[in-house]
A.B. asks: 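Structure in structure tokens, see below.
Computation of the quantities below employed the complete heavy-atom set of this structure, encompassing side-chain atoms and omitting hydrogens, waters and symmetry-equivalent molecules. Naming: A, B, ... by sequence-line order, numbering from 1 per chain.
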Amino acid sequence: MLASQYYIRTLREAPAEAEIASHRLLLRGGFIRPVGAGIFNWLPMGLRVLQRVEQVIREEMNAAGAHEVLMPVLHPRELWERSGRWDTFAPTPLRVIDRAEREFCLGPTHEEVVTDLVAMDLDSYREIPATLYQIQVKFRDELRPRAGLIRCKEFIMKDAYSFDRDREGLDRSYDAMFDAYVRIFERLNLPVVTVEAEAGSIGGTDTREFMLLSENGEDTVYMCDSCDYASNSECATSRAPQPIEPAAASTRELVDTPDAKTVEQVTAMLGVTPDRLVKTLLFRSDEGFIAALVRGDRALNDFKLARNVQGEELRMANDAEVRELTGARVGFAGPVGLPDDVRIIADHEVSALSDFVTGANQDDAHFVNVNLGADFEVDDWADLREACHGDACAHCATGTLEAHRCIELAHVFKLGTKYSSAMDATFRDAEGTESPCIMGCYGIGVSRIVAALVEQYHDDSGIMWPREAAPFDATILLLSPDDDELRAIADNLYSDLGDRGIEVLYDERDASPGVKFAEADLIGCPVRVVVGRTTRNEGKVELRRRADGHDELASLEDAVDAVLRLLESR
RNA sequence: CGGGGCGUGGCGCAGUUUGGCAGCGCGUUUGACUGGGGGUCAAAAGGUCGCCGGUUCAAAUCCGGCCGCCCCGACCA
């Protein structure tokens, strides 16, 4: 590609809206342009990167035996009614209405569509296993788009869906996808870690996420420093402490805590640390009211609570319900003297406390010196709290959990029959018995990978693309475009590299050397070839590897091979 | 949705407190010079100051409403 003919739109200064490196550099380098919050144009250079990432994914998916399809963006409401997700999927799908007032959503994911597709086409066990995938735009009505390409309202995703006869088949399909993902991230030079995760609105079990550790990520993972346990903070567990014998040495006492509704206010007023307080959180579920107890310095994990509760519904009690249950306004709930039908579930850590503080179930008052047994009974013990950095690992004897920020790049799920049952995706086995397919689903955030690559590979002057994702393999800078001899050398090199399958951005523009160097660094092709002074004086071209600044000289005859070698070297 | 910040030529910003000619740097265009890290000189183009309304002799500036963008948080009592 001749730079003079190409659509290169770099910015000398980053737009003020961009804070993180990937957002800033993708804008500056002329890869993307904003349209609205979480909505972007892909410029020619950015599209090349996106397409190369897609190509890596496509090759590995095909190699794993998956078949590419393309499904629609527009999903009829009826389809989502059948899976029951029209009203429950979070984040809420973007909805649209046509002139006949038929309702649709813009697909946030494609379980419904693909399962319906397969339901129509699939009849016999002879036709499965089958895995279908697509690379397509997805829409999600995010609470808040942020961080450039990392969280968008509209983004590119590769989603795959497997259909099997039985659990063993699902395991094989799942493993095949898992292995393909490992190869994809290897080829893209992204050192991901896989972690346990929550299935969320997709559903299913055995879900794992592929995470890139990065300060600018929005997720947190906990990794054990001793064993190989790694989990999203959503479901990370830590080792429960040893319960202590209830001492009951002290007697419960009522103290005035006017207007002290938060843990912070109560502990400040009473002069105790938050780990001496037990927080009582009231929930409403299908089975009735639930009081969840965690230590004052801990955060309750709602996924964990939900796992210990029957039924679908689980929400915080509202102000009126709190008053009905406790006789007090929000902020003064405690386990002592709650109605008998309120089920008390406590986090294991509470069992190691004595003489603690709780709400008194009356306005502006708390209890001190509360003790298990003496003052109240716990119905069920469970792991309810968010894990914390430094917690003891629950999976080995000696390890400690370490918190890391990360970017979620992919997520794989074993779905089972959730969708195949709902959408009638059934097959007949050899005996003629009809059963629903056993499904798995596998997603990769393609556009998010582009951002992740920049987060992982950049320096102060620009991007350092790994070869498989780079917009061009190499760039040639012709520093003296008016010098016919040098121009002929650069022209030849450009064409020779092209003949060898190397995609080159050839900067033959009438611009100053400084501009060309700065722009080449910003755009970040893996190898830079300079034709200039050294070529005129010594008959050699200069090669530099963008990733590490490695420099070398090559004679004109060796130049093409040298470029190839540098491309292969990392 | 709650909180905070911002909105002024393409980009980055000053000017708003205290109303009085709409400015600076970069980029762009033209010409000359230059030619190894966003070069120099000269000239030029480019703005309904986010939108609507109000106050005023006069509004980028004050008041009201709305819109957009960015950041933090979002049932944790």
A.B. asks: So, does A:Lys304 use its side chain to make a donor-acceptor pair with the main chain of A:Ala236 at under 3.5 Å?
C.D. replies: yes
A.B. asks: Taking the C1' atom of each, how far is B:U40 from B:G4, in whole Å?
C.D. replies: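 About 45 Å, rounded to a whole number of Å.
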A.B. asks: The side chain of A:Glu19 is closest to which nucleotide in this list: B:C71, B:G25, B:G37?
C.D. replies: B:C71
A.B. asks: When the P atoms of B:U16 and B:C21 are considered, how many whole Å apart are they?
C.D. replies: 12 Å
A.B. asks: On a whole-Å scale, what distance lies between the P atoms belonging to B:G7 and B:G15?
C.D. replies: 10 Å
A.B. asks: Compute the ring centroids of A:Tyr6 and A:Phe472, then answer whether they are less than 6.0 Å apart.
C.D. replies: yes
A.B. asks: Please work out which of the three classes, parallel, tilted or perpendicular, describes the rings of A:Trp381 and A:His348, given edges at 30° and 60°.
C.D. replies: parallel
A.B. asks: When the C1' atoms of B:G36 and B:A42 are compared, how many Å lie between them, rounded to an integer?
C.D. replies: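 Approximately 26 Å lies between the C1' atom of B:A42 and that of B:G36.
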A.B. asks: Quick one: are the ring centres of A:Tyr457 and A:Trp465 less than 6.0 Å apart?
C.D. replies: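 For A:Tyr457 and A:Trp465, the ring centres are not under 6.0 Å apart.
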A.B. asks: Output yes when a side-chain donor or acceptor of A:Asn369 lies under 3.5 Å from a complementary backbone atom of A:Phe356, and no otherwise.
C.D. replies: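 Not confirmed, A:Asn369 side chain does not pair with A:Phe356 backbone.
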A.B. asks: Name the nucleic acid region contacted by A:Arg28, choosing base, sugar-phosphate or nothing; use a 4.0 angstrom heavy-atom cut-off, strictly under.
C.D. replies: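 Touches a base.
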A.B. asks: Any ion pair linking A:Glu142 and A:Arg151 (charged N to carboxylate O, less than 4.0 Å)?
C.D. replies: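 Here A:Arg151 pairs with A:Glu142 in a salt bridge, since their nearest N and O are under 4.0 Å apart.
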A.B. asks: Ignoring hydrogens and angles, are the base of B:G25 and the side chain of A:Glu13 linked by a donor-acceptor pair under 3.5 Å?
C.D. replies: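 Per atom types, the contact qualifies.
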A.B. asks: Both distances below 3.5 Å, Watson-Crick or wobble geometry, any strand: find the nucleotide opposite B:C6.
C.D. replies: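 Paired with B:G68.
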A.B. asks: Mark yes or no for a side-chain to base donor-acceptor pair under 3.5 Å between A:Asp302 and B:C75, with no hydrogen or angle criteria applied.
C.D. replies: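 Pair found.
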A.B. asks: Would you mind reading off the distance between A:Glu218 atom CD and B:G73 atom P, rounded to a whole angstrom?
C.D. replies: 10 Å
A.B. asks: In whole Å, I'd like the distance from the CG atom of A:Asp460 to the P atom of B:G37.
C.D. replies: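 Distance check: A:Asp460 CG to B:G37 P gives 19 Å.
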A.B. asks: Quick one: A:Arg33 CZ to B:C69 P, roughly how many Å, whole number?
C.D. replies: 18 Å
A.B. asks: Expressed as a whole number of Å, how far does the C1' atom of B:U56 sit from that of B:C63?
C.D. replies: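 These two C1' atoms come out 12 Å apart once rounded.
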A.B. asks: Under 4.0 Å between any heavy atoms, over every strand shown, what does A:Ala147 touch: base, sugar-phosphate, or nothing? Just pick one.
C.D. replies: sugar-phosphate
A.B. asks: Could you tell me the separation between the CD1 atom of A:Ile150 and the P atom of B:C71, rounded to a whole number of Å?
C.D. replies: 10 Å
A.B. asks: Any salt bridge between A:Arg545 and A:Asp548, counting N to O under 4.0 Å?
C.D. replies: yes
A.B. asks: Given that both distances must come in under 3.5 Å, which nucleotide forms a Watson-Crick or G-U wobble pair with B:C33?
C.D. replies: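 Answer to the pairing question: B:G39, which forms a Watson-Crick or G-U pair with B:C33.
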A.B. asks: What's the gap between B:U34 and B:G50 when it is taken at their P atoms, as a whole Å value?
C.D. replies: 44 Å
A.B. asks: Report the base-pairing partner of B:C1 (Watson-Crick or G-U wobble, both distances below 3.5 angstrom), or none.
C.D. replies: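 Pairing partner: B:G73.
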A.B. asks: For B:C24, what is the paired nucleotide under Watson-Crick or G-U wobble rules, both distances under 3.5 Å?
C.D. replies: B:G12
A.B. asks: Find out whether the Lys NZ or Arg CZ of A:Arg95 is both under 6.0 angstrom from the six-membered ring centre of A:Trp86 and within 45° of the ring's axis.
C.D. replies: yes
A.B. asks: Given the C1' atoms of B:G12 and B:C70, what is the spacing between them in whole Å?
C.D. replies: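 So the two C1' atoms sit 15 Å from each other.
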A.B. asks: Donor-acceptor pair under 3.5 Å: do we get one between A:Arg544's side chain and the base of B:G37?
C.D. replies: yes
A.B. asks: Any ion pair linking A:Lys516 and A:Asp521 (charged N to carboxylate O, less than 4.0 Å)?
C.D. replies: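 No, A:Asp521 and A:Lys516 are not salt-bridged.
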A.B. asks: Tell me which nucleotide among B:C76, B:C72, B:G37 gets nearest to the side chain of A:Arg146.
C.D. replies: B:C72
A.B. asks: Rounding to a whole Å, what distance do you find between A:Met316:CE and B:A74:C1'?
C.D. replies: 13 Å
A.B. asks: Find the partner of B:A58: check Watson-Crick (N1-N3 plus N6-O4 or O6-N4) and G-U wobble (N1-O2, O6-N3) distances, both under 3.5 Å, and reply none if neither fits.
C.D. replies: none
A.B. asks: Take atom CG of A:Leu11 and atom P of B:C13, then tell me their distance rounded to the nearest Å.
C.D. replies: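 Spelled out: CG on A:Leu11 to P on B:C13 is 13 Å.
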A.B. asks: Kindly say whether the aromatic ring centers of A:His23 and A:Phe40 come within a distance under 6.0 Å.
C.D. replies: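 A:His23 vs A:Phe40: aromatic centres under 6.0 Å.
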A.B. asks: Nucleotides 32-36 of chain B: which of its N/O atoms have a protein N/O under 3.5 Å away?
C.D. replies:
from	atom 1	to	atom 2	distance (Å)
B:G35	O6	A:Asp482	OD2	3.3
B:G35	N1	A:Asp510	OD1	3.3
B:G35	N2	A:Ala511	O	2.7
B:G36	O2'	A:Arg533	NH1	3.3
B:G36	O2'	A:Arg533	NH2	3.2
B:G36	O6	A:Arg533	N	2.5
B:G36	O6	A:Thr534	N	3.2
B:G36	O6	A:Glu542	OE2	3.0
B:G36	N1	A:Glu542	OE1	3.1
B:G36	N1	A:Glu542	OE2	2.5
B:G36	N2	A:Glu542	OE1	2.5

A.B. asks: Taking any heavy-atom pair under 4.0 Å as a contact, classify A:Leu522: base, sugar-phosphate, or nothing.
C.D. replies: base
A.B. asks: Find which nucleotide of RNA chain B each of A:Thr280 and A:Ala37 is nearest to by heavy atoms, and output the residue with the more 5' nucleotide.
C.D. replies: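 The answer here is A:Ala37.
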A.B. asks: Only pairs with both distances under 3.5 Å count, Watson-Crick or wobble alike; so what is the partner of B:C49 in this structure?
C.D. replies: none
A.B. asks: In this structure, how many angstroms lie between the P atom of B:G68 and the CZ atom of A:Arg144, rounded?
C.D. replies: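 Atom CZ in A:Arg144 sits about 16 Å away from atom P in B:G68.
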A.B. asks: Taking the nucleotide of RNA chain B with the closest heavy atom to each, which residue, A:Gly38 or A:Asn301, is nearer the 5' end?
C.D. replies: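 Nearer the 5' end of the strand: A:Gly38.
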A.B. asks: Could you measure between the two P atoms, the one in B:U61 and the one in B:G53, and give it in whole Å?
C.D. replies: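 My reading of the P atoms in B:U61 and B:G53 gives 14 Å.
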A.B. asks: Starting from P on B:G73, measure out to CZ on A:Arg151 and report it in whole angstrom.
C.D. replies: 12 Å
A.B. asks: For A:Gly359, which contact category applies under a 4.0 Å heavy-atom criterion: base, sugar-phosphate, or nothing?
C.D. replies: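 Here A:Gly359 touches no strand at all.
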